[in-house]
Amino acid sequence: MPGTRITDQQVMIYMKHRTRNSQVVAAAKAGISERSARRLDKSNQQTNDGTRQWRTRKDPLEAVWDSVVVPILKQDNDITPVGVFDHLCEYHTDKFSPGSRRTLERRIRKWRSLHGPAKDVVFMQTHEYGALGITDFTHVKSPVTIAGEPLKHMLFHYRMPASGWAFVQVIYGGESFAAFSDGLQNALHAAGGVPREVRTDSLSAAYKNHSSADDLTERFNDLVKHYGFKATRNNPGVAHENGAIESPHGHTKSQVEQALKIRGSYDFDSRDAYEAFVASVVARRNRRVSDKYQLEQRQLQPLPLAMSVNYTEHYVTVSRTSTICLKRVTYTVPSRLIDSRLLVRLYDDRLALFYGTDFVMELERVYADKGGRARSVNYRHVIDALVKKPRAFRHSQLRDDLLPDDNYKAIWDYVDDTLTADKASYYMVKLLHLAKQSGCERQLGRFIAASITQRQLPAIRECEERFLVIEPKAPSLTIKQHSLSSYASMIPGGLHG
């Protein structure tokens with residue numbers, strides 16, 4: 001019909017009937033004019049490659065493509081289709097309709113494929129067994145919690161690309177040298193050998209990044225010499241140069257996430273439990289490449305007899321508040337150490353305390369938020385001193401930190417509301433002292449928290465009878481061994497018999 005454009009369906013119908021009918025009959029069956037039919041026959045004679053040589057609708061970009069869009073694309077290859085679209089919507093509304101966005105994106109993609117600059121090419125690598133180990137840190141988005149508290153952490157990932165064998169360690173701080181050294185050494189010992197080359201990204205703990213040369217930091221250089229591998233790094237900002245581990249990052253984190261979902265909970269009782277869970281997921285992956293791993297393990301260099309240093313050392317003095325301060329974190333220590341000067345070996349996940357050369361204790365490391373401060377308070381360290389002056393509990397700066405969990409916080413709120421100030425402090429201090437003595441901290445807290453929901457507060461003596469097990473002391477007896485002659489004197493005639 002005059003004024004009506006021919007659709008693709010009409011063209012297909014016409015071509016179908018034209019093979020066995022005249023032009024007039026085929027045109028009638030397709031609902032087009034004989035003039036249109038002659039034009040289609042002429043176009044079909046000019047090309048037989050099946051490519052359509054006609055438009056079925058008006059080009060929506062005709063008014064802006066050559067005059068506006070192409071000059072923008074030639075100007076800068078980083079300009080995105082969205083940027084071009086926003087420009088057209090703002091300054092060329094008379095020639096361009098926002099409804100043509102998808103057409104614009106397709107046309108730009110095609111133009112850049114035909115006329116755009118060369119793109120980066122990823123060259124797949126052939127890896128030799130025992131030649132290369134790659135390390136990197138990666139962040140975890142899964143909402144993991146320890147006893148209900150959110151766990152801020154990363155993963156240290158080591159992988160040998162030839163076999164695909166991997167090692168993953170949970171890291172609780174940032175990309176520090178202690179974390180890197182500890183993770184790498186544990187990975188090498190788990191692998192059973194050292195590759196000839198270890199590649200990292202431009203880690204500031206390993207490289208002096210202000211220099212263009214591959215200058216190693218002093219501590220990393222010592223680590224390299226100790227294990228005997230060659231240290232290399234990929235170019236800054238070029239992620240695909242470390243592609244042999246970047247892609248496995250995603251696979252590993254995805255498997256951990258899926259295993260957490262199947263487990264049905266993101267909460268763990270302790271850090272050790274979560275670390276064991278992650279290790280089990282990685283071990284599952286490693287079992288699939290065990291045959292290749294055995295081949296690669298034979299090509300690894302032997303391990304040194306001992307591990308290298310994976311900590312930093314600091315000297316601190318225990319204050320009169322029975323605390324030490326390190327890296328903007330305040331830690332409590334047993335009050336017997338007040339005024340002592342201690343050596344602290346600071347690892348990624350713990351602090352090892354020494355008095356001289358004698359090991360004192362180990363503390364779990366805590367990290368402060370950027371620009372802030374944090375505390376790690378253990379009531380067991382100071383409760384013996386607090387029992388002697390329980391009134392100090394109420395206004396102590398560490399009061400809320402001394403309460404080990406939510407049950408004890410609820411107990412304090414209750415006794416603070418229902419008892420006098422002195423009695424409330426006395427009750428809470430005695431309760432914490434009992435928790436330390438009995439070793440039943442959680443059970444004791446749950447018992448009293450359940451009681452106060454019934455508006456009943458158990459007496460401390462009642463709690464002691466229930467939770468404090470006092471082992472009976474065996475009496476000390478002195479037994480005198482009599483001589484045989486004394487027994488003989490008791491028998492008549494015994495001395496002469």
Side-chain angles (χ1 to χ4, degrees), residues 1-125 238-240 243 246-248 250-251 253-255 257-258 261:
M1 295 177 61
T4 303
R5 292 187 178 276
I6 301 174
T7 65
D8 288 348
Q9 185 178 13
Q10 287 177 307
V11 174
M12 292 176 61
I13 294 174
Y14 173 77
M15 293 301 181
K16 176 181 177 181
H17 291 287
R18 186 68 180 89
T19 58
R20 56 180 182 274
N21 293 291
S22 65
Q23 188 180 78
V24 175
V25 174
K29 289 181 177 291
I32 62 176
S33 66
E34 295 181 24
R35 181 178 178 181
S36 297
R38 287 194 296 273
R39 187 173 69 253
L40 291 175
D41 282 345
K42 184 177 180 180
S43 300
N44 193 43
Q45 291 172 1
Q46 293 176 350
T47 177
N48 292 318
D49 61 359
T51 303
R52 189 178 67 195
Q53 301 297 320
W54 63 91
R55 296 196 61 84
T56 60
R57 64 186 180 91
K58 184 180 179 180
D59 183 4
L61 304 178
E62 183 177 4
V64 296
W65 181 255
D66 291 326
S67 59
V68 180
V69 178
V70 172
I72 292 176
L73 297 178
K74 290 181 178 179
Q75 175 183 338
D76 191 338
N77 191 52
D78 290 333
I79 296 177
T80 65
V82 174
V84 177
F85 174 76
D86 289 341
H87 176 77
L88 295 177
C89 290
E90 183 68 22
Y91 298 104
H92 299 278
T93 54
D94 56 330
K95 301 177 182 179
F96 176 75
S97 171
S100 301
R101 175 174 175 172
R102 300 305 178 198
T103 303
L104 175 67
E105 292 175 346
R106 286 192 297 269
R107 190 76 60 84
I108 291 176
R109 184 166 59 250
K110 179 179 179 181
W111 185 91
R112 282 180 168 161
S113 296
L114 298 175
H115 309 288
K119 297 180 180 179
D120 291 335
V121 178
V122 176
F123 296 92
M124 303 302 291
Q125 303 292 297
V238 186
H240 64 73
E246 290 288 347
S247 179
H251 299 324
K253 289 189 289 187
S254 177
Q255 282 192 304
E257 174 67 18
Q258 293 300 312
K261 289 182 179 293

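Please read all numbers here as calculations on a predicted model, not as lab measurements. Computation of the quantities below employed the complete heavy-atom set of this structure, encompassing side-chain atoms and omitting hydrogens, waters and symmetry-equivalent molecules. Position 1 is the first residue of the sequence, and the numbers go up from there.
Between K119 atom NZ and S113 atom OG the span is 5.5 Å, to the nearest 0.5 Å. In this structure, the separation between CD on E90 and CZ on F85 is 11.5 Å, given to the nearest 0.5 Å. Separation of atoms CG (L40) and CZ (R38) is listed at 11.0 Å; rounding is to 0.5 Å.
A donor-acceptor contact shorter than 3.5 Å links the side chain of Q10 to the backbone of T7. No side-chain donor-acceptor contact under 3.5 Å links S100 to the backbone of T103. The main-chain N or O of H115 is never found under 3.5 Å from a side-chain atom of R112 such that the two would form a donor-acceptor pair.
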Are F96 and L104 close enough, and set up right, to give a side chain to side chain contact (heavy atoms under 4.5 Å, CB included), and what steps lead you there?
CA-CA 10 Å; F96 176 75; L104 175 67; 4.3 Å; yes
Checking side chain to side chain contact (heavy atoms under 4.5 Å, CB included) for the pair K110/R106: CA distance, chi angles, key distance, verdict?
CA-CA 6 Å; K110 179 179 179 181; R106 286 192 297 269; over 6 Å; no
Does the side chain to side chain contact (heavy atoms under 4.5 Å, CB included) test come out yes or no for H17 and V25, once each step is laid out?
CA-CA 8 Å; H17 291 287; V25 174; over 6 Å; no
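No side-chain heavy atom of N21 sits under 4.5 Å from any side-chain heavy atom of Y14. With contacts defined as side-chain heavy-atom distances shorter than 4.5 Å, the pair W65/L73 qualifies. Using a 4.5 Å heavy-atom threshold, the side chains of L61 and R107 count as touching. Counting heavy atoms from C-beta outward, M15 and T19 have side chains that stay 4.5 Å or more apart. You'll find the side chain of M12 stays beyond 4.5 Å of the side chain of Q9, heavy atoms only. Contact annotation: the side chain of I32 never approaches that of R39 to less than 4.5 Å [non-hydrogen atoms, C-beta and beyond].
Shown here are the salt bridge (charged side-chain N to carboxylate O under 4.0 Å, His left out) partners of R20, two or more places apart in sequence or in another chain: there are none. In this view, H251 satisfies the ring pair (Phe, Tyr, Trp, His ring centres under 6.0 Å) rule with no residue, not counting sequence neighbours.
Shown here for Q23 and E34, the closest heavy-atom pair between the two residues is OE1-O, 4.2 Å.
Note on R101 versus E105: salt bridge recorded, some NZ/NE/NH1/NH2 to OD/OE distance being below 4.0 Å. Taking a cutoff of 4.0 Å between a charged side-chain nitrogen and a carboxylate oxygen, K58 and E62 do not qualify as a salt bridge.
For the pairing with L88, the side-chain contact (heavy atoms from CB on, under 4.5 Å) check across I72, T93, V68 returns one residue only, V68.
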